[in-house]
Every structure is written in C-alpha cells, then in structure tokens.
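Everything quoted here is computed from the prediction, not taken from an experiment. Both counts, for ligands and for their atoms, begin at 1 and track the order of listing.
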Amino acid sequence: MRMVDIIENKRDGRELTTEEIQFFVNGYTDGSIPDYQVSALLMGIYFQGMTEKERADLTMAMVESGDQIDLTKIEGIKVDKHSTGGVGDTTTLVLGPLVAALGVPVAKMSGRGLGHTGGTIDKLEAVEGFHVEIENDEFINLVNKNKIAVIGQSGNLTPADKKLYALRDVTSTVDSIPLIASSIMSKKIAAGADAIVLDVKTGAGAFMKTIDDSIALAKAMVNIGNNVGRNTMAVISDMSQPLGYAIGNALEIKEAIDTLKGEGPEDLTELCLTLGSHMVYLAKEASTLKEAREKLEAVIQNGKALEAFKVFLSSQGGDASVVDDPSRLPQAKYTFELEAKTDGYVSEMVADEIGTAAMLLGAGRATKESVIDLAVGLVLRKKIGDQVKKGDSIVTIYSNFENVEEVKEMLYENILISSEKVAAPTLVHCEITE
Ligand code: URA
Ligand code: CA
C-alpha cells in the first residue's frame with residue numbers, strides 16, 4: 001500500500017477502505033509516513049469529507065494506536081459524559097456524585113489542559129488533600145465500592161490523535177466535522193466507556209458557534225459511537241453565556257456543592273438533570289427518562305448525592321468537611337463588585353470573553369506552564385434576561401490582585417444591558433439520538 005494512492009483516492013472523492021485508514025494512522029503514529037503526506041490527506045478530508053464508515057474506521061484506528069483502559073472489572077454499564085468546551089461548566093463535578101448516588105459507575109479519567117479555568121482535576125484539587133495519583137487497581141476498587149473515582153490521565157492514550165491534532169493545528173484542518181468527531185470519540189472509547197452522553201455546547205463560548213454546526217457535530221459523534229458499539233446520544237446546550245454563576249476552581253466546587261444540595265443555579269441544575277437522566281437511562285438504572293429524572297431529584301432531596309460527593313472526596317484524600325463548610329476552600333484576598341452603569345435588562349454575556357477575564361485573574365492556564373490560582377474567578381450575580389438597576393452588582397470578582405481594572409473593563413465590554421426586556425436563552429436546544 002502506498003500513501004500517495006490513499007491521498008489520491010481521497011482527493012478524487014473515493015471512500016477509503018478500513019485497511020487504507022489503518023495504514024495511514026499507524027504509519028503516521030510510528031513515524032514512517034511523513035507530515036507532508038498526512039497534511040495533504042487531511043486537506044483532502046477537509047474538502048471531501050468522510051463517509052460514516054470512514055469516520056468509524058478512523059476513530060477505531062486512533063483508539064487502537066495506543067493503550068485502552070480496561071474497565072471490565074467494574075460492575076455495571078460505564079457511562080461517560082463529555083462536554084465540548086464551555087465556560088464555567090460545572091456539570092462534571094455535579095454529575096459524578098449525582099449519578100453515582102443511583103449506582104451508576106463513574107470511572108472518570110480526567111486531565112488538566114488549557115482554558116478559562118482548570119480542568120476537573122484542578123478544580124477538585126481545590127479541596128485540600130484530594131489527589132488523583134492512584135494506582136489502576138485502587139481506581140477500579142474505589143469505583144466498585146463508591147461508584148465514583150477520578151484518575152489522572154496516564155499511559156499512552158490515542159497517540160495518533162495527539163499527533164494528528166497537532167498537525168491539524170498548523171495546517172488549518174482543525175475545523176472539519178469528521179476530524180473533530182473522530183478525535184473526541186477516540187479518546188472516550190480508549191478511556192473505556194460502554195455508553196456515552198455528549199453535551200455539545202453552542203454559542204459564543206463553544207467550539208461550535210451556531211446551532212447548525214453543533215447539530216452536525218453531535219450527529220457525527222452519535223453516529224460514530226453507535227457504529228462502533230457504544231450507545232451514544234447528545235444534548236445540544238447553550239453556551240452563549242457561562243453556565244451557572246461560578247467561573248473558577250474553588251468557586252465551582254462551592255457551586256457544585258450548592259447544586260448537589262438542590263440550591264444551585266437554575267440552568268446548571270436543569271442541565272445536570274437532563275444529562276444525568278440520559279446517563280442513568282443508558283446505564284439501565286431506570287427504564288424511562290422520566291423515572292431517571294425523578295430518581296435524580298430524589299437523591300438531591302434526600303442528601304444522598306451530597307453524601308456521595310463527601311465519600312468520593314475523602315476516599316481520594318480530600319478534606320470532605322468543605323462540603324458542610326465551604327469557607328475551608330481556598331479564598332481570594334479581595335472581592336470587587338462590577339456595578340451596572342444603567343438600569344435595564346442584561347442582554348448579552350459573551351461567554352468566551354468572560355472566561356478570558358477569569359483566566360486573567362489566574363483561574364485558568366494560558367500555556368502549559370501557567371500556574372493556576374485555585375481561589376480566584378468570577379461569580380455572576382445576573383444572567384441574560386435579568387432586570388438590573390444602576391449600581392446593582394452584576395458580577396463579583398474574586399482576586400488575589402488589588403488592581404482588577406483590566407478585568408472590569410473586559411467584563412463591561414462583554415456584558416451588555418439593554419433598555420428593552422430580553423428573554424433568557426433556551427438552555428437545551430435539542431437531543432440527538434440514533
Ligand atoms: N477537541 C478535540 O478533542 N479534538 C478536536 O479535533 C477538536 C476539539
Ligand atoms: Ca459554573
């Protein structure tokens with residue numbers, strides 16, 4: 001087999017065979033096929049697209065390029081949830097203990113990464129003593145015992161995706177739905193998921209800015225999942241404004257605690273109940289979505305979800321007393337209020353720019369070397385559609401710097417107040433199943 005023929009087949013719009021896809025993925029991973037040929041192929045894919053079969057083949061070739069996590073020793077159906085980006089997205093912190101309280105096994109492998117705030121692991125490390133450096137056996141035992149554990153990304157997972165993603169980044173081929181969908185799905189499948197619930201964000205703070213693009217990406221991922229034997233569905237949810245109120249690491253832990261108590265922001269609670277219902281249903285812990293939702297509401301009401309969070313934290317060395325006393329979480333030295341300059345209604349809260357403001361405070365990493373400040377971030381006091389009076393606080397800024405003028409300026413530029421009444425954005429646009 002020759003790489004030049006594979007490039008030509010794709011260039012001319014012919015479907016690549018399973019063998020051709022495996023050939024280029026393996027050859028690129030082991031270094032026998034050079035960047036320039038793979039670049040040409042990626043550009044071919046960008047223009048010609050990929051059939052359903054090609055997408056499934058590409059995904060599985062990337063899965064098989066490295067280690068696969070074996071979760072077979074965990075009892076039950078392992079349902080993983082994946083959100084495509086977002087700002088202040090606290091759903092993972094809430095959903096883990098929430099569905100675990102119903103017996104759904106949550107075996108989460110998580111990373112740190114770049115972004116407006118840290119990743120799930122960084123957020124959890126705001127709880128003193130909590131650590132994810134655990135052995136595989138202990139991870140499996142913890143999930144069997146408590147139904148939830150988190151382990152740091154380890155081993156050699158989907159090396160083909162890492163190399164291809166880096167190459168796409170410099171050849172202007174990131175923005176291709178088949179390539180994005182197979183990239184995301186390969187990581188979920190290699191991490192051992194039996195079933196997958198996708199939360200595809202749409203709007204300013206999302207990877208996909210329009211509903212149509214978000215739906216196309218969701219369909220592509222749902223197809224791949226189901227074609228390779230993983231029950232997969234997607235929810236398209238709003239990310240035009242940040243989700244919930246808190247954007248920051250310790251601040252989001254506090255928000256997750258509130259939500260698990262039934263006292264969280266309305267949008268975050270609703271999205272967690274929606275995604276959680278699908279997780280519980282796919283795990284076969286409920287026979288209808290309605291029953292799943294009622295069960296989730298019950299474990300919030302009776303305190304079992306909160307208890308699951310405490311057990312989870314303490315089992316991995318964390319100080320679970322933060323749950324009853326969140327003042328034990330890292331605290332910022334200063335707080336400032338961003339006051340409304342006029343009366344009216346909040347009409348826009350541009351999610352990605354507000355996320356960047358949180359990053360400027362130190363809540364997230366701009367580069368791999370950045371050090372995160374777990375205490376700092378933003379708490380929104382208003383959301384789109386809310387009425388404000390001049391002088392009301394719209395955002396509380398938690399900072400370890402005394403001067404936050406640049407952050408305030410950024411927030412004022414990206415939070416608009418209109419004199420006319422504005423409707424709150426739709427939270428869940430639609431659901432995509434096979
Ligand atoms: N996120 C991924 O993991 N892969 C992509 O290709 C795009 C976003
Ligand atoms: Ca939040």
Non-hydrogen atoms of V174 versus ligand 1: any pair closer than 4.0 Å?
no

NZ/NE/NH1/NH2 to OD/OE distance under 4.0 Å, D80 and K78
no

With E285 as partner, the option from V99, I77, V280, V79 fulfilling side chain to side chain contact (heavy atoms under 4.5 Å, CB included) is V280

Atom 1 (N) of ligand 1 [closest protein heavy-atom partner, distance rounded to 0.1 Å]:
Y165 OH, 3.5 Å

Using a strict 4.0 Å cut-off to heavy atoms of K187, name the atoms of ligand 1 that fall inside it.
2 (C), 3 (O), 4 (N)

Below 4.0 angstrom from a heavy atom of S183, which ligand 1 atoms are there? Numbered from 1 as shown, please.
2 (C), 3 (O), 4 (N), 5 (C), 6 (O)

Derivation of the side-chain hydrogen bond (donor to acceptor under 3.5 Å, both in side chains) call for S214 and T202
CA-CA 6 Å; S214 304; T202 192; 2.9 Å; yes

Where do M221 and M185 come nearest, in terms of heavy atoms and distance?
O-CE, 3.5 Å

